[in-house]
Amino acid sequence: MLEVLNHPLITHKLTQMRKQETGTKDFRENLDEIAELMAYEVCRDLPVNPVDIVTPVAPTVGYELAREVVIVPILRAGIGLLDGIRRLVPTAKVGFIGLYRDEKTLEPHEYFAKFPKNLDEAVVMVVDPMLATGGSAVAALDMIKKRGAKNIKLVCLVGVPEGVKAVQKAHPDVDIYLAAMDDHLNENGYIVPGLGDAGDRIFGTK
C-alpha cells in the first residue's frame with residue numbers, strides 16, 4: 001500500500017522546508033511537526049485489545065495498543081523524524097540502522113545496527129526523510145526482516161515514483177507513507193523539486 005498524506009498542515013509545513021532560505025532551526029522544527037502529523041495517520045490501523053477499566057463515574061471497556069511500536073531511523077537523516085513520532089507514541093522503542101554506499105559497486109552496506117528485542121511481534125516504522133532511488137530503504141528493510149520484523153511501515157517525507165517502485169518490487173508487503181510525491185530524480189540522484197540534502201539541512205552541515 002502507498003499512501004500520500006495530502007493534508008493542508010503537512011503541505012504548508014513542507015513548503016516552508018522546501019524554501020532554500022529556510023535555516024536549520026526552522027527546517028528541523030517543521031520536520032518534527034510533520035513527523036507528528038504523519039504519525040497520527042500511520043498509526044490509524046494499529047491493533048488494539050479491549051481492557052476493563054473504571055472511570056470516576058462507572059466501569060467501562062477501553063482499548064490499549066496490542067503490539068509494541070518500534071521506530072527505526074535510517075541514519076543520519078532519519079533521526080529528524082524520531083521525536084515527532086515519539087511524542088505521539090511515547091511508549092515506542094527505538095532501533096537504529098546505519099548504511100553506507102560502496103563507491104565502486106554503489107551497493108549499500110550496514111555499518112551500525114541496534115534494535116530492541118522481539119521485532120517479530122512489533123509494528124516497526126522505518127523512517128527516513130527522502131525516498132529517492134529506494135536503494136537505502138530496500139537495504140534497510142532487507143536487514144530488518146532478517147532480524148525477524150514482519151509488520152513494517154516505511155515512513156518518508158518526500159518520495160519519487162522511482163523509489164516507490166523499487167521498494168514495492170522488493171518488499172510488496174511493506175506499507176509506504178509519504179508527505180508528498182515529487183516528480184523525478186535529476187542526474188545527481190536528487191529529488192526534484194525536493195528540498196535538497198535533508199541530512200545537511202537538519203544538522204546544519206551543508
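Starting from 1, each residue takes its place in the sequence as its number. Since the model is a prediction, treat every value here as computed from it, not as a measurement.
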Output for pair (Leu81 CG, Ile71 CD1), nearest 0.5 Å, gives 9.5 Å
d(Asp175 CG, Met1 CE) to nearest 0.5 Å is 4.0 Å
Nearest non-hydrogen partners of [X] and [Y], listed with the distance:
| X | Y | value |
| --- | --- | --- |
| Pro129 | Ala198 | CB-CB, 3.9 Å |
| Leu9 | His7 | N-ND1, 3.0 Å |
| Asp183 | Pro193 | N-CD, 4.3 Å |
| Leu195 | Arg18 | CB-CA, 4.0 Å |
| Val51 | Tyr63 | CG1-N, 4.0 Å |
| Tyr177 | Glu41 | CE2-O, 4.4 Å |

Between [X] and [Y] (side chain of the first, backbone of the second, donor and acceptor by atom type, cut-off under 3.5 Å), is there such a pair?
| X | Y | result |
| --- | --- | --- |
| Arg28 | Ile202 | yes |
| Asn186 | Gly189 | yes |
| Gln16 | His12 | yes |
| Asp182 | Gly194 | yes |

Is any side-chain heavy atom of [Y] closer than 4.5 Å to one of [X]?
| X | Y | value |
| --- | --- | --- |
| Leu185 | Thr133 | yes |
| Thr205 | Asp197 | no |
| Arg76 | Phe203 | yes |
| Ile34 | Leu14 | yes |
| Leu46 | Cys43 | yes |
| Glu64 | Pro50 | no |
| Phe96 | Leu75 | yes |
| Met125 | Val42 | yes |

State, without any angle test, whether Arg86 and Thr91 hold a side-chain donor-acceptor pair at a distance under 3.5 Å. no
Exercise for review: Would you tell me whether Asp142 and His171 have side-chain atoms, one donor and one acceptor, within less than 3.5 Å of each other?
Suggested key: yes
Worked verdict on Met17 versus Leu157 for side-chain contact (heavy atoms from CB on, under 4.5 Å):
CA-CA 11 Å; Met17 294 179 67; Leu157 190 68; 3.6 Å; yes
Hey, quick one: are [X] and [Y] part of the same hydrophobic cluster, counting side-chain heavy atoms closer than 4.5 Å, chains of contacts allowed?
| X | Y | answer |
| --- | --- | --- |
| Val94 | Tyr111 | yes |
| Ile79 | Phe112 | yes |
| Ile53 | Val48 | no |

Handout entry: Asn6 atom CG, over 12 foreign heavy atoms within 6.0 Å
Key = no
Query - Other residues, nucleotides, ligands: >12 heavy atoms within 6.0 Å of Tyr190 OH - result: no
Sorted by chain and number, sequence neighbours left out, side-chain hydrogen bond (donor to acceptor under 3.5 Å, both in side chains) with Glu110 holds for Arg147
Excluding Val126, membership of its hydrophobic cluster (Ile, Leu, Val, Met, Phe, Trp, Tyr; side-chain heavy atoms within less than 4.5 Å) reads Leu2, Val4, Val70, Val72, Ile74, Ile97, Leu99, Phe115, Leu119, Val124, Leu131, Val138, Leu141, Met143, Ile144, Ile152, Leu154, Val164, Val167, Val174, Ile176, Leu178, Met181
Is the closest basic N to carboxylate O distance between [X] and [Y] below 4.0 Å?
| X | Y | value |
| --- | --- | --- |
| Asp32 | Lys13 | no |
| Arg201 | Asp26 | no |
| Glu68 | Lys93 | yes |

**Prompt:** Going through the distances and angles, do Lys145 and Asp173 end up as a side-chain contact (heavy atoms from CB on, under 4.5 Å)?
**Reply:** CA-CA 11 Å; Lys145 282 185 175 180; Asp173 57 325; 2.7 Å; yes
